[in-house]
Amino acid sequence: VREAADLLRSSLPSTIEMKLSLSATTPKVLSDEIELHQVVMNLCTNAAHAMPKGGPLIVDVSAFEPDEAWRTKHPGLPAGKLARLVVRDHGTGMPPEVAERVFEPFYTTKPAGQGTGLGLSVVHGIIREHGGTIELESTLGKGTTFTIVLPAAPSNGHAEPAPPEDRPKVARLLVVEDEEGLGKMQKRLLEGMGYHVTLHVASHDALEEFRSRPDDFDLMVTDNTMPRMTGLQLTAEVHKIRPELPVLMVSGLAERADNLDLAELGIRTMLRKPHTSKQLDEAIREALGPRK
């Protein structure tokens, strides 16, 4: 949480004050570090968007000892102390009909072209995969609070050692994502995984940079649906220069992607939206293949 907050501080407007509280009594959890990093980034970015005039952004991590009523409502969590993460903004808030749908994939209140609606559905999936709960309280005009509760690790629990890396930490990625906020978040996450990332929000700009230094990239990761030049068109142009360059295509249009001959189009791997950071990392490794 602290690492994600440090990254966010440099990109948030100066009108937003992040207040971070990390209690030393919070129990440890067994989790995927990359995925929980994504959770914090998504929630805090959404909170910042909800405060166009600025204000405090509260991030609180603490131990949680629920009462009987709470446990009755959430029967799947173990007894004893739990870990709780709270992200609170003092922004625009949501009406009830919006709050009821925020975790649905592709649901968004943003204008066309200004958001994918994937962030909170991915957050919800990550927390469920970790055996936890996520709830929100929102009041129109007063702000929104997201509360995540995760089970504590067993006292004798320990994480298994990570397997040896099968790709070099210096793999060079050309990432093309026309949603600027999503692209910046993806860049930070990928750099945290050890990749070297060049990001473009316009496909024609990405093509121009690739033309200027085509041998400086190991993989292109591109969205499919983009204005002026789609990911498929960009792939075709890139492969006129370097036919062997691996391409990872990211698409939310699963029904169209299923009808594509990916190999014929020069696409090594297809990744569906929504996806977690872990799934993205796995797809990149698959697309890169064995490397010397």
Side-chain angles (χ1 to χ4, degrees), residues 1-5 8 18-48 50-51 55-105 107 109 117-160 274 276-278:
V1 173
R2 179 180 282 116
E3 288 175 358
L8 282 160
M18 179 176 285
K19 297 183 177 181
L20 186 63
S21 175
L22 304 176
S23 172
T25 63
T26 308
K28 293 182 179 180
V29 300
L30 288 178
S31 65
D32 184 288
E33 182 179 357
I34 293 172
E35 291 190 347
L36 288 192
H37 189 277
Q38 184 181 13
V39 166
V40 179
M41 297 287 282
N42 274 335
L43 291 181
C44 290
T45 300
N46 283 348
M51 295 189 290
L57 196 170
I58 311 299
V59 180
D60 181 85
V61 177
S62 62
F64 176 51
E65 297 189 55
D67 58 22
E68 194 61 34
W70 193 94
R71 289 202 175 275
T72 299
K73 186 180 177 183
H74 305 87
L77 285 160
K81 278 188 179 181
L82 305 171
R84 179 170 60 186
L85 164 66
V86 176
V87 177
R88 178 181 299 113
D89 67 66
H90 293 74
T92 54
M94 310 176 201
E97 62 270 19
V98 172
E100 289 174 0
R101 299 187 62 191
V102 294
F103 295 121
E104 296 178 13
Y107 178 73
T109 58
L118 293 172
L120 290 177
S121 67
V122 170
V123 166
H124 183 267
I126 290 172
I127 298 306
R128 291 292 298 272
E129 287 175 0
H130 282 76
T133 66
I134 178 169
E135 297 178 309
L136 73 89
E137 295 179 10
S138 190
T139 302
L140 198 59
K142 293 187 177 181
T144 300
T145 300
F146 284 91
T147 302
I148 290 170
V149 176
L150 293 171
S155 57
N156 61 346
H158 63 279
E160 292 297 323
T276 65
S277 296
K278 183 179 180 181

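As the structure is a computational prediction, the values presented were derived from the model and not from experiment. In this chain, residues are counted from 1 in sequence order.
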For a quick test of reading the model, state the closest non-hydrogen atom pair linking [X] to [Y] and the distance between them.
X	Y	result
A152	V29	CA-CG1, 4.4 Å
V40	A4	CG1-CB, 3.7 Å
C44	M18	SG-CE, 4.3 Å
S138	T144	OG-OG1, 2.7 Å
P66	G80	CD-O, 4.3 Å
P78	R71	O-NH1, 2.7 Å

Subject >> Between S23 and S62: side-chain donor-acceptor atoms closer than 3.5 Å >> reply: no
Subject >> Contacts of type ring pair (Phe, Tyr, Trp, His ring centres under 6.0 Å), residue H124, not counting sequence neighbours >> reply: F103
Is there a side-chain contact between [X] and [Y] in this structure, where contact means two heavy atoms from C-beta onward sitting under 4.5 Å apart?
X	Y	answer
L8	T45	yes
R101	M94	no
L57	K19	no
L20	V61	no

Original post:
Could you go step by step and tell me if K142 and E137 meet the salt bridge (Lys or Arg N to Asp or Glu O under 4.0 Å) rule?
Top reply: CA-CA 11 Å; K142 293 187 177 181; E137 295 179 10; over 6 Å; no
Original post:
Counting only heavy atoms not in E33, do more than 12 fall under 6.0 Å of its CD?
Top reply: no
Among [options], which residue meets the side chain to side chain contact (heavy atoms under 4.5 Å, CB included) test with [X]?
X	options	value
F146	I134, V86, L85, V39	I134
R84	T133, T147, I148, T26	T147
L150	L36, L82, L77, L30	L36

**OP:** Any chance you could lay out the side chain to side chain contact (heavy atoms under 4.5 Å, CB included) test for H37 and V1, step after step, and finish with the verdict?
**Re:** CA-CA 7 Å; H37 189 277; V1 173; over 6 Å; no
